Amino acid sequence: GYELADEHANIVEPAELPQEIEIQGDGGLLALGGERKLSIRSRGVPVIKFEIDRVLSTQINHLVSQTEGEFQAPEFKNASFDQDNISRIAREDQTIALQNKWKANYSAFDLAKYLQKPADGGSERGLFFITARGWDPVAKKFIKNVKTTRFILVSDLGLLVKKNADQTSDVFVVSIKTGQPLANVTVDILGRNGIAVQSAKTSPDGRVTFTSVEKNEHERKAVVYVARLGDDISFIPFSRDDRMLNFSRFDIDGVNKVLA
């Protein structure tokens with residue numbers, strides 16, 4: 001509501017739109033029964049160079065124990081140990097048809113061919129670190145600071161873990177495609193060395209119960225729940241803050257009874 005005593009005018013030159021690459025959406029799970037494609041948005045990038053680090057399913061214990069942070073963006077704790085130590089690596093280039101350097105471009109990256117079994121019988125399934133970098137084909141070098149990375153799990157096995165007051169745990173396995181419980185799924189609790197400290201198969205209602213492993217130490221310290229059904233595999237860390245939901249803060253109610 002205040003007026004200037006004199007008129008003021010100034011010409012401001014806006015900053016130029018940056019070159020960028022972004023994997024669309026949140027989270028790190030793709031349904032195995034879906035298209036298995038990542039939506040990519042880019043701007044001012046003529047070529048996107050993809051690095052596909054396909055994690056060995058026999059290395060899930062190291063994937064969990066050597067990382068921290070969010071599921072879709074885990075960070076390795078040790079600079080000398082990263083996805084190169086636990087992955088089979090492939091590379092692929094994608095050319096983008098640029099109309100101009102300001103307009104956003106949308107493309108898709110298909111993971112289907114990387115889900116096939118390796119010819120040499122490798123253990124890889126649907127666990128990927130996907131890195132996309134901007135490339136300048138004229139200067140023949142990467143575009144500085146134009147990069148994005150996402151951890152992706154491609155699976156039809158949805159996992160829910162309930163940790164009970166007596167330190168036992170119940171694992172529920174459902175099909176992501178149908179939403180129905182899955183029976184005869186092998187579920188393991190892996191120790192730090194990758195050897196199962198407990199193993200069981202799900203019942204017809206998709207459930208398995210494990211006794212407490214909270215006191216396990218050293219190589220038997222539990223790090224991850226792993227579910228397998230045929231070639232499909234899924235996992236959930238044994239203890240990771242971003243995977244936990246605590247419902248104890250909600251009020252509960254019921255009928256009070258006096259027992260004689």
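All values reported here derive from a predicted model rather than from experimental measurement. All residue numbers in this chain count up from 1 along the given sequence.
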Enquirer: Between Thr168 and Thr211, is there a donor-acceptor pair closer than 3.5 Å when you use the side chain of the first and the backbone of the second?
Expert: no
Enquirer: Are side-chain heavy atoms of Leu30 and Leu153 found at a separation under 4.5 Å?
Expert: no
Enquirer: Check the pair Ser65, Asn61 against side chain to side chain donor-acceptor pair (under 3.5 Å), reporting the backbone distance first and the verdict last.
Expert: CA-CA 6 Å; Ser65 66; Asn61 57 308; 5.7 Å; no
Enquirer: For atom CG of Asp93, decide whether the heavy atoms of other residues, nucleotides or ligands shown that lie under 6.0 angstrom number more than 12.
Expert: yes
Enquirer: Mark yes or no for whether Thr178, through its side chain, and Gln180, through its backbone, hold a donor-acceptor pair below 3.5 Å.
Expert: yes
Enquirer: If you count every heavy atom of other residues, nucleotides or ligands that lies below 6.0 Å from Glu35 atom CD, does the total exceed 12?
Expert: no
Enquirer: Find out if a path of hydrophobic residues (ILVMFWY) with successive side-chain heavy-atom gaps under 4.5 Å connects Ile52 to Leu63.
Expert: no
Enquirer: What I'd like to find out is whether the side chain of Gln19 reaches to under 4.5 Å of the side chain of Lys101, using heavy atoms alone.
Expert: no
Enquirer: Whether the Ser169 and Tyr225 side chains hold a donor-acceptor pair (N or O, under 3.5 Å, no angle test) is what I'd like checked.
Expert: yes
Enquirer: Would you say the side-chain atoms of Asn85 pair up with the backbone N or O of Asp82, donor to acceptor, closer than 3.5 Å?
Expert: yes
Enquirer: Return yes if some donor-acceptor pair links the side-chain N/O of Arg150 with the main-chain N/O of Gly27 below 3.5 Å, else return no.
Expert: yes
Enquirer: We want to know whether Thr209 and Asp170 form a side-chain donor-acceptor pair, criterion being a heavy-atom distance below 3.5 angstrom.
Expert: yes
Enquirer: To the closest 0.5 Å, what do you measure between CZ (Phe235) and CG (Leu159)?
Expert: 9.5 Å
Enquirer: Between Val224 and Leu29, is there a shared hydrophobic cluster once you connect ILVMFWY residues whose side-chain heavy atoms come closer than 4.5 Å?
Expert: yes
Enquirer: Provide the closest heavy-atom pair for Ser212 versus Gln198 in the form atom of the first, atom of the second, distance.
Expert: O-NE2, 4.1 Å
Enquirer: Is the backbone of Thr131 close enough, under 3.5 Å, to the side chain of Thr149 for a donor and an acceptor to pair up by distance?
Expert: no
Enquirer: If you take all heavy atoms of Pro46 and Gly44, which pair is closest and at what distance?
Expert: CD-O, 3.7 Å
Enquirer: State whether the side chain of Asp156 and the backbone N or O of Ile176 hold a donor-acceptor pair below 3.5 Å, judged by distance alone.
Expert: yes
Enquirer: Near Arg192 CZ, under 6.0 Å, is it more than 12 heavy atoms from other residues, nucleotides or ligands?
Expert: no
Enquirer: Side chains of Lys162 and Asn164: is there a donor and an acceptor less than 3.5 Å apart?
Expert: yes
Enquirer: Just by distance, with hydrogens left out, do Thr67 and Glu75 show a side-chain donor and acceptor under 3.5 Å apart?
Expert: no
Enquirer: Closer than 3.5 angstrom, by distance alone: can the side chain of Thr202 be matched with the main-chain N or O of Asn184 as a donor-acceptor pair?
Expert: yes
Enquirer: Same cluster for Leu157 and Val174 if Ile/Leu/Val/Met/Phe/Trp/Tyr side chains link at under 4.5 Å?
Expert: no
Enquirer: Work out which heavy atom in Val47 is nearest to a heavy atom in Pro137; give both atom names and the distance.
Expert: CG2-CG, 4.2 Å
Enquirer: Side-chain heavy atoms under 4.5 angstrom apart, residues restricted to Ile, Leu, Val, Met, Phe, Trp, Tyr: same cluster for Ile143 and Ile96?
Expert: yes
Enquirer: A quick test of your reading: do over 12 heavy atoms of other residues, nucleotides or ligands sit less than 6.0 Å from CG of Asp120?
Expert: yes
Enquirer: Going by atom types alone, do Thr186 and Lys201 pair a side-chain donor with an acceptor below 3.5 Å?
Expert: yes
Enquirer: Quick one: do Ile60 and Phe129 end up in the same hydrophobic cluster if we chain Ile, Leu, Val, Met, Phe, Trp and Tyr together by side-chain heavy atoms under 4.5 Å apart?
Expert: yes
Enquirer: What distance do Tyr114 atom OH and Ile130 atom CD1 have between them, rounded to the nearest 0.5 Å?
Expert: 8.0 Å
Enquirer: Does Lys49 NZ have over 12 foreign heavy atoms under 6.0 Å away?
Expert: yes
Enquirer: Hydrogens and angles aside, do Glu124 and Ser57 bring a side-chain donor and acceptor to less than 3.5 Å of each other?
Expert: no
Enquirer: Nearest 0.5 Å please: distance from the CG atom of Leu56 over to the CZ atom of Arg88.
Expert: 7.0 Å
Enquirer: Donor-acceptor pair, Arg41 side chain versus Tyr106 backbone, under 3.5 Å?
Expert: no
Enquirer: Can you confirm whether more than 12 heavy atoms, excluding those of Lys77, are under 6.0 Å from its NZ atom?
Expert: yes
Enquirer: One pair to check against ring pair (Phe, Tyr, Trp, His ring centres under 6.0 Å): Phe238 and Phe210. What are the steps and the verdict?
Expert: CA-CA 12 Å; Phe238 185 81; Phe210 292 110; 9.6 Å; no
Enquirer: Does Arg125 offer a backbone N or O that forms a donor-acceptor pair with the side chain of Arg54 under 3.5 Å?
Expert: yes
Enquirer: Before we go on, tell me: are the rings of Phe128 and Phe151 under 6.0 Å apart, centre to centre?
Expert: no
Enquirer: Quick one, Arg228 with Asp188, criterion salt bridge (charged side-chain N to carboxylate O under 4.0 Å, His left out). Give me CA distance, side-chain angles, the key distance, then yes/no.
Expert: CA-CA 9 Å; Arg228 291 181 174 87; Asp188 299 324; 3.5 Å; yes
Enquirer: Measure from the side-chain N and O atoms of Asn216 to the backbone N and O of Arg220, and report whether any donor-acceptor pair falls under 3.5 Å.
Expert: yes
Enquirer: Tell me, with the steps shown, if Glu92 and Lys113 meet salt bridge (charged side-chain N to carboxylate O under 4.0 Å, His left out).
Expert: CA-CA 12 Å; Glu92 183 176 327; Lys113 69 180 181 180; 3.4 Å; yes
Enquirer: Would you please test Lys117 and Asp231 for salt bridge (charged side-chain N to carboxylate O under 4.0 Å, His left out) and show each step?
Expert: CA-CA 9 Å; Lys117 279 188 175 182; Asp231 291 334; 3.3 Å; yes
